[in-house]
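Only a predicted model underlies this, so the values are computations on that prediction, with no experimental measurement involved. First the proteins, then the strands, lettered A, B, ... as listed; each starts at 1.
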Amino acid sequence: MALAGLFLVVFLLVHLGINLLLLADDGGQSFSAAAAFMGTNPVIRLFEVVLFGGFLLHMAFGVLVTIRNRVSRPVRYQHKSQSETSPLSKYMIHSGIIVFIFLVLHFIDFYFVKIGLVAPPAGIDRHDFYHRSLLLFSDKGYASIYMIGFLFLGFHLNHAVQAAFQTIGMNHNKYIGTIKVVSILYAIIVAGGFMVIPVRFMLFR
Amino acid sequence: MIFTLKIWRQKDAADKGGLVTYNVDDISPDSSFFEMLDQLNQHLIAQGVDPVSFDHDCREGICGTCSLYINGRPHGPLKGTTTCQLHMRSFRNGETIFVEPWRCGAFPVIKDLIVDRSAFDRIIQAGGYVSVNSGGIPDANTIPVPKSDSDASFDAAACIGCGACVASCPNASAMLFVSAKVSHLALLPQGRIEAARRVQNMVATMDSLGFGNCSNAYACEAECPKEISVTNIARMNREFLAAKLFAEKEKQISVSL
C-alpha cells in the first residue's frame, strides 16, 4: 500500500503541474498542448495502465487492511481512547473514501467523456479538456465539491507521505524531521495547488 | 480519597461480561492503583462477592505482568509507567475511573481484567532468541559492538512484553512489540546470524495470530511503559524487506534412511 501510495504521490505532482497550466493566460493553449501530449504519447499511454493498476492496488490494500484491523478487535472498549496519536492517521479510510467518491466524479467528468462513455456537453469536443474545465468550474456548487475533494485529499496526504516512508523502513532521526515537514508541505502544495484553479475561475472569469 | 470505579467483570472466556460500578472510599493518595483494587477486593470478600481478578506480579514495573486499560489508556494516565507504578494521586478526588481489560482478538479475556497474552509467547517462540548457547560473560571487546548499536539494542530490549502497544493501537497491532524483539537481537552480532530467518518467522506468526496492521498512528509509542520508539517498527520493516529480497536461500537437506 505504501509503495503504490508513493507512486500515486509522484503522479499527483505531474497532474498538478499540467493543471496549473490552466492558469496561464493563453486561452488554454499550453494546457491543451499538454493534455494532447498526455493523450497521445505512447509511453504515457502505457503508463496510464500502470497508474490504474497503482490506484486499484492502493485501494484494494486499503480496504483489506482496514477490514483486518477492524476484525482484530472484536470486542471494543467502553471508554473512548485517550491515547495521543497522529491525529489524521485514524481516519485514512474515511478520507480515502471521500477521495474515491471524488475520483469517480472526476472520471465521469473527464475520463469517461474522453473515451466516449459519457456524452460531452453541447458545443465542446470530447478531447477539449480546457473548455470542459471552464464550464465545470463556472458552476460554484460544482467547484465547491471539487475543493472539498481536494481538502480531504490534503488530509489524506498529510499523514500518508510520512507514514509511507515509515512503512518502507525509512525512519531515522537524521532525516525523519525533514520527511515530516516535506509530507506536510506536499499535502498543502498539492491540495492548495488543485484548489487554486477552481478559485481562479470562480473569481476572475 | 473517594472514587467511583466502573470495572469490567466477566466470569470466564465464554461469559459476555459488562461494566460493574463500585464505590471506594478512604483511599490514600499514596496507595498504588493495585493497593486501591486490593482494598476494594477486601470489601468484596467481606461481602461474600467474588473479588475482581487482575494480573500483577513484581509491582515494580519490570515484569510486564500487569495490564489494565484505565480511562481509555493502557496503564493509566501516567506516561512511561506500568499500572503497578501508578498511584491514586494521579487521579482527581471523586473521579470516575473506567477499568477494562486489554482488547484484542489475539488476547482473549480469561476472567474479569485478565487476558491471555500467550500469543506473545508464540511470537517469541517463532524466533525471538539466539539458538546457540552464548556461554559465560565474554571478556570486554572480544566481540566488538558499536556503542550506538548497543544503546539502541538495549533500548529495544527494555520491552517487558506487557501488551500496552496492542491495547492502545487503534488496529490492535503488535508491531511495536515484535519490532522491539527483532531490533534488540538484530542490532547485536550474536543475533545478526539468524536475523533474516527471525524477522520472517516472527512477522508470519504475528500475522497468523490475528493482530491488526500498523497504520502509523503511534499510540503504541505514546503508551509504552518502557517508551519503546516506533523507529524499531521501521527497522523491522527494513529487516523484513531485506530478508525477503536478499537473504541467502537455506539449503534443504533431505535425509533418507
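Within residues 4-21 of chain B, the residues approaching chain A closer than 4.5 Å by heavy atoms are, in numerical order, B/Trp8, B/Leu19.
Checked by atom type and distance alone, the side chain of A/Arg73 never pairs as donor or acceptor with a backbone atom of B/Cys104 at under 3.5 Å. When atom types are taken as modelled, the side chain of B/Tyr69 and the backbone of A/Tyr77 share no donor-acceptor pair closer than 3.5 angstrom.
Counting non-hydrogen atoms of neighbouring residues, nucleotides and ligands closer than 6.0 angstrom, the CZ atom of A/Phe7 exceeds 12 such neighbours. For A/Phe102, the CZ atom is densely surrounded, since the number of other residues' heavy atoms within 6.0 Å is greater than 12. Around atom CZ of B/Arg238, more than 12 heavy atoms belonging to other residues, nucleotides or ligands sit under 6.0 Å away. By the 6.0 Å contact criterion, OH on A/Tyr175 is enclosed, its count of non-hydrogen atoms from other residues, nucleotides or ligands being greater than 12.
When all heavy atoms are compared, the tightest approach of A/Ser72 to B/Gly210 is CB-O, 3.3 Å. For the residue pair B/Asn216 and A/Ser89, the shortest heavy atom distance occurs at O-CB, 3.8 Å. Between B/Asn213 and A/Arg68 the shortest heavy-atom distance is ND2-CB, 3.7 Å. The minimum heavy-atom distance linking B/Asn237 with A/Thr167 is given by the pair ND2-O, 2.9 Å.
Ranked by heavy-atom pairs under 4.5 Å with chain A, the list B/Leu241, B/Asn71, B/Ile70 is led by B/Asn71. If you tally non-hydrogen atom pairs under 4.5 Å between each of B/Pro77, B/Cys214, B/Ala167 and chain A, the highest count goes to B/Ala167. For the set A/Pro74, A/Ser83, A/Pro87, the entry with the most heavy-atom pairs within less than 4.5 Å of chain B is A/Ser83. Here A/Gln78 is the residue among A/Gln78, A/Glu84, A/Lys90 with the most heavy-atom pairs under 4.5 Å with chain B. Ranking B/Ala217, B/Ala242, B/Ser168 against chain A, the residue ahead of the rest is B/Ala217, based on heavy-atom pairs under 4.5 Å. When the candidates B/Val109, B/Val230, B/Leu209 are compared by the number of heavy-atom contacts under 4.5 Å with chain A, B/Val230 comes out ahead.
In this pair, B/Phe98 and A/His79 present their aromatic rings perpendicular. The plane angle is above 60°, beyond the 30 to 60° band.
Side-chain contact annotation: B/Ser173 with A/Asn69, donor-acceptor N/O pair under 3.5 Å absent.
Residue B/Asn232 does not touch chain A at all, counting heavy-atom pairs closer than 4.5 Å. In this structure, the portions of A/Arg76 lying under 4.5 Å from any heavy atom of chain B include both its backbone and its side chain.
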>> Determine whether A/His172 and B/Thr231 satisfy the following criterion, side-chain contact (heavy atoms from CB on, under 4.5 Å), listing intermediate values before the conclusion.
In response: CA-CA 7 Å; A/His172 195 286; B/Thr231 52; over 6 Å; no
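Atom-to-atom distance recorded for B/Glu223:CD and A/Ser81:OG is 7.0 Å, nearest 0.5 angstrom.
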